[in-house]
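Chain A is the first sequence line, chain B the second, and so forth, proteins listed ahead of strands; every chain is numbered from 1. Nothing here was measured: the structure is a model prediction, and the numbers come from that model.
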Amino acid sequence: MGTRSARPARPTRPAARRPRGTGLLRTVVLTLVLVLATSCAVRTTSVLRDPDTVRIALNAWVGYEADAAVVGYLLEHELGYQVQLVQIDEQPAWQALDQGAVDVILENWGHEDLMRTYGPEGNGTVVDGGPTGNVGQIGWYLPRYLVEEYPGIDTPEGLREHADVFRTPESGDRGQFLAGAPGFVTSDQGLINHFDLPFEIVFAGSEAAQLTEVRNRYERGDPVLFYSQDPSWVQNDLDLVRVRFPEWTQGCDTDPEDVSCDYPRYELNKVFRAGFARDGGAAYELIRDWTWSNADQNAVAQLIADDRLDPEDAAARWVAEHPDVWRPWIPEEAR
Amino acid sequence: MTLPTAGLADRPPTGRPKIAVRHLWKVFGRGADAVVGSETAGLDRDTIRARTGCTVAVRDVSFDVLPGEIFVVMGLSGSGKSTLVRCVTRLIEPTSGQVLLDGADIGAAGPKELRELRRHKLAMVFQHFGLLAHRRVIDNVAYGLEVRGMPRPRRYERAREMIEMVGLAGYEDSRPGQLSGGMQQRVGLARALAVDPEVLLFDEPFSALDPLIRRDMQQEVLRLQRELRKTAVFITHDLSEALRLGDRIAIMRDGELVQAGTAEELVGRPADDYVRDFVRDVARTDVLTAGWLMRPPRPDEPLDGPVAAPGTVVREIVPMLASGGAPVRVVAGERLLGVVGGADVLRVIAEDQADEVGRTGPVPTAGASGPPGAERPVEA
Amino acid sequence: MATAYPGTAPAAAGGPAGRVVGRLAWGLGVLAVLLTGYAALHGRFPFPDVYAALPDRYAWVEPAALFDRAYAWVVANRNTSPLFLYGFNYLSVGLGSAVVLINQALTLLAWPGVVLLGVLAAWRVAGGRVALLVLAAFAVFGLTGLWNEAMTTLALITTSVLIALLVGIPIGIAAGRSERVERLTRPVLDFMQIMPAFAYLMPMLLLFGIGNPAAAVATAVYAVPPAVRITAMAVRDVDAGAVEATTSLGSTPWQLLTKVRLPLARRTILLGVNQTIMLATSMVVIASVIGAGGLGDAVYQALNKVDVGRAFEAGVAIVLMAIALDRVTAAAGSGGAARELPPGPRRWRRAVLGAGTLLALGAAAGRLAGVGWLAGWPDALTVSAAGLVNAANDGVQALVGTWAAGFAAALLAVVLDPLRTLLTDSPWWLVVLAAAAIGHALGGVRTALVGGAAILLTGLLGVWEFGMDTLSQVIVAALVTVSAGFVAGVLAARSDRLAAVLRPLLDAMQTLPPFVYLIPVVALFGIGRVPALAAAVVYALPPVIRLVNDGIRGCSAGAVEAAVSQGSSRWQLLTKVQLPLARSSLLLAVNQGIMMVLAMVVIGALVGAGALGYGVVFGMAQNQLGLGMTSGLAIVCLGLLLDRMTQSAART
């Protein structure tokens with residue numbers, strides 16, 4: 001103890017030091033002022049952006065991701081663009097186009113109402129980009145083994161009869177219909193009402209959760225009835241049957257509380273930000289001319305979802321194997 | 001070794017008061033303004049609290065502080081003494097009454113004037129030091145000069161002088177947290193002195209310190225007082241400290257000033273039982289002086305006894321009387337002021353003995369203390 | 001002394017034990033009345049559709065419709081209304097650009113530069129061990145192939161923390177200085193903390209635009225409360241003596257602030273900065289839902305492919321970033337290692353710092369000159385643990401899957417369903433009264449009023465049934481969390497070894513984004529309320545365990561020693577001495593547990609919890625601001641109800 005001096009060490013230099021932190025603060029404040037002052041533009045579209053970057057909205061399902069992976073890969077490797085994928089739900093993605101935050105939605109399912117709001121008749125910030133070549137079908141799906149066990153279960157009448165098969169603790173004394181992600185287009189409650197089906201909708205809340213549940217039940221051979229769509233990689237993965245509701249006709253689904261028909265077949269299309277369609281250059285042309293089949297999309301989607309390939313690697317593999325499909329998309333001058 | 005009883009005899013109360021406090025009130029609580037001047041004001045503290053919810057901290061206090069004197073305000077905790085001293089520099093706004101500095105009302109000063117007053121004329125030393133933990137000693141001492149806008153080299157020069165003066169040379173670059181309590185209070189003292197104020201206010205500056213260090217610090221104050229001749233208001237709850245430092249002492253109780261006077265006046269002529277009780281344990285022989293006891297010589301008395309100054313305390317007169325029968329002559333210069341006889345002294349001693357039970361012994365005298373640097377800093 | 005004014009403390013009626021018994025009896029009584037009411041009147045008094053009953057002239061007051069109209073207005077006027085042209089758009093563009101700029105700066109530095117600068121800065125501020133941690137974090141970003149994502153996230157965190165501090169610290173100072181500002185800000189902060197982040201993503205999106213701007217603002221909003229609260233506390237707690245002393249020397253208010261209050265409050269304020277950063281880090285995952293990109297996006301995309309392993313990797317990257325940021329800022333707050341170093345190393349330290357900076361600049365220059373391997377983390381340098389994690393996940397599922405499913409079914413049938421039925425089918429006014437009665441028992445008239453009003457407001461927002469459903473889930477999850485947390489906390493307090501094992505585990509549980517374990521819980525418990533409950537318990541457990549452990553360990557050693565010396569058994573010691581002494585910590589633990597459970601309501605909806613959480617998620621995904629906001633506000637109401645009740649229980 002006693003040997004150590006208890007006196008405080010005297011600093012060698014008396015010169016005063018500036019308290020730490022003020023310098024940093026000053027820099028930070030200065031930077032912020034600069035940033036704010038230099039960006040005196042006021043429209044949402046004026047956010048700092050690189051003209052060589054294409055911003056693609058990325059919706060939550062794997063089929064879409066396959067689209068984005070392949071289109072993005074071609075933009076980067078064939079045309080030299082940078083691609084930024086902006087993860088966003090279906091409907092907010094339209095808003096993003098309107099705000100100028102993204103350039104394109106690659107796979108759009110319907111949404112005539114949004115086209116009215118943002119399209120040429122509305123804000124004029126969004127334009128239709130033509131079909132992707134994919135045909136989409138939303139519907140109620142169940143495993144084929146159920147149809148074998150309960151013939152006719154894939155019809156409204158069959159479902160009504162065998163509703164108790166689908167009971168779960170969560171749905172109580174009614175059958176469980178497993179709805180998908182909250183962002184999807186649905187008329188499930190309308191169908192239940194119209195066909196007087198004793199079913200309770202259980203909202204999975206996310207496609208991931210829904211598919212986990214579906215696959216679990218499928219593996220165990222349990223009954224399951226759920227919302228899904230084609231193209232979708234589960235369709236390739238699992239042997240599924242779509243419930244046969246009456247064919248869609250114009251107007252049969254206008255009242256969301258009373259829907260007397262199946263979901264329509266969607267000609268999936270692209271939606272562009274109007275500005276991008278105007279001056280998007282080669283990138284715009286490539287996406288405009290891009291069309292492919294459901295099989296193409298499923299091939300890529302399966303690489304991503306089942307083989308757990310990085311989307312970029314999946315795209316690279318597909319691109320390497322199908323030059324004849326994508327060659328025509330590349331604009332003349334870049335070929 | 002004598003007690004430093006620099007009484008009024010040394011410095012007669014002449015000239016205008018440096019600080020004059022006039023009918024000062026401080027009432028805490030909502031509606032405090034309504035209490036002063038109303039009938040309620042005459043009631044005792046607890047009744048007022050019960051009736052209005054207000055607490056009377058200082059009640060109608062008036063006193064003068066003369067230039068160059070140490071005026072001690074003493075009282076138990078809750079007596080309002082700390083509030084009183086804060087009212088002087090308006091750290092607490094008085095509810096009513098005046099504080100005059102050189103005849104000018106401090107209460108009338110605007111925010112700017114008040115700051116100027118604080119920067120140049122009044123400086124305070126606090127019980128818990130109030131040092132800035134993030135600054136070095138020198139920057140703490142120079143603080144008052146810094147906020148005045150004095151350029152760094154000059155204020156550092158002045159701060160170094162002050163640090164030297166309070167005996168902390170070599171610690172300029174330490175942080176307050178590295179110093180012991182006594183050393184921290186030296187920093188507090190140096191900080192107050194650095195602005196070269198006319199009036200120093202001490203709010204129980206040493207009560208947080210160990211007794212031995214407290215004694216050193218009291219010596220330090222007396223030494224600085226001898227050198228600098230500042231006017232000081234000194235708050236304490238420690239009677240011995242009051243007796244040692246105070247030229248005059250005021251005793252407060254429940255916000256009221258009970259008695260103000262020299263130590264001898266308090267001890268020799270307590271105004272009421274409260275004061276009497278308060279000073280009971282003080283050895284009168286250590287406080288009462290020849291000047292206090294003396295009387296005109298009776299015609300039959302011999303005037304060849306030993307000579308003493310008016311400030312000599314009774315304890316020191318006793319041996320003088322023991323050597324012969326003649327009373328002690330109290331002289332100032334060549335002039336004979338009066339005499340103190342054996343009987344006078346005996347009466348004082350008898351009074352001391354009367355309340356012997358529980359007595360705490362003589363007021364501790366300032367012993368030889370080491371240099372301030374000998375205080376050990378606290379271990380980091 | 002005149003400065004102390006002892007208030008008259010009301011004599012507490014009855015001992016604490018008597019109070020607990022009284023409350024218990026009261027609670028049971030309320031339950032009995034509710035059950036009786038349900039038995040007699042169930043289904044007879046659903047919450048009335050007040051807005052349908054209103055005359056058309058007043059129909060517009062319906063909250064959901066109000067929000068929907070606001071939404072439509074904004075969409076139509078975003079690029080024409082001055083409010084946007086000169087207000088929000090300005091902010092949005094500035095913020096979006098700030099994120100982009102920071103990200104570009106990080107890209108320009110190239111990965112060796114960023115690693116070098118980051119590690120050196122950590123070393124300078126926090127010493128060698130933290131520098132190693134930072135290095136490890138960077139290594140994980142690179143090795144998992146998430147380098148770019150991590151940099152995007154870092155840029156977003158930086159921007160939003162800067163906004164949060166620029167706004168929060170001045171407000172905090174004002175609140176610390178003025179009672180009135182404090183009183184004004186407190187309810188706003190409470191609101192911000194209870195409002196589920198998901199619920200305000202949507203208005204942010206609307207006002208500030210998709211992607212970085214909205215993400216930055218939402219993250220900043222989420223992270224600002226601790227900056228305000230802790231700054232206010234720091235400023236308020238500055239040594240009054242120092243302030244008084246410097247006032248007495250004639251300081252101006254500004255001098256007092258800059259020379260005294262802020263420097264003295266610096267450490268505590270830095271603690272607030274630390275907390276702000278942590279919250280921002282936990283928010284960036286949620287922000288990925290509105291296009292924020294970065295690591296959160298990686299988690300989210302992996303989940304869409306049900307790739308638990310990949311999501312876990314990204315989650316671990318986030319955890320590491322959080323821990324690294326935490327350690328560095330915590331060290332900055334406590335003064336850091338810098339000061340203790342003797343002068344010798346200081347010299348070579350400076351040399352190392354200088355050389356490092358030069359190297360980093362060199363890397364940037366190389367990047368500009370087009371040196372290939374500087375452009376991005378080399379792909380060859382990546383490994384993946386995803387397969388391993390996926391295998392482990394499958395293994396666990398195979399092991400306990402059946403058992404877990406059975407447990408889920410039982411929990412639903414025995415607890416969750418009856419409680420939900422009781423709350424939704426009882427007469428609504430009886431539920432409101434019951435809430436008020438419980439509030440009265442816990443905290444008196446005020447709490448009764450707040451409780452009753454909060455639950456009534458849930459109905460007035462138009463989401464009564466959803467609200468009661470959510471309330472039943474929250475109550476059960478909170479009960480599970482609190483009881484499990486208490487047991488674990490008590491055990492941890494008794495065994496140093498267990499506490500040491502738990503600590504890193506709890507750290508990880510707290511910082512791991514809940515998204516990561518959503519899929520495993522679904523795999524175990526199926527879709528529905530049970531997996532949501534499980535996720536909520538995992539999320540809310542750490543603070544409960546921590547507070548219980550700290551509370552018991554913080555008991556006065558003297559009291560424990562005295563009790564032991566009088567022959568208490570371990571059980572007696574716990575129940576008669578330690579738990580009563582730790583009471584305030586325990587009640588805080590209950591409060592925190594409940595609030596954390598509530599914070600998971602929305603996330604639970606992603607695995608099928610439905611109710612209010614689903615309202616928020618659905619509103620967000622389907623552009624239905626009305627549904628999203630009313631559901632979000634209803635969650636706030638429930639939060640207010642539960643928070644006030646537990647807090648007033650802690651006070652009285």
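- Listed options A:Asn216, A:Val86, A:Asp310, A:Val102 were ranked by heavy-atom pairs under 4.5 angstrom with chain C; first place goes to A:Asn216.
- Heavy-atom distances place the side chain of A:Thr117, and not its backbone, under 4.5 Å from chain C.
- For chain C, the nearby part of A:Glu65 is the side chain; its heavy atoms alone come within less than 4.5 Å.
- Counting heavy-atom pairs closer than 4.5 Å to chain C, the top residue among A:Ala179, A:Ala301, A:Pro92 is A:Pro92.
- Of the two parts of C:Tyr614, only the side chain, counted from C-beta on, holds a non-hydrogen atom closer than 4.5 Å to a non-hydrogen atom of chain A.
- Listed options C:Leu411, C:Val530, C:Leu412 were ranked by heavy-atom pairs under 4.5 angstrom with chain A; first place goes to C:Leu412.
- Between chain C and the residues A:Leu85, A:Leu211, A:Ile304, A:Ile201, the most heavy-atom pairs under 4.5 angstrom are made by A:Ile304.
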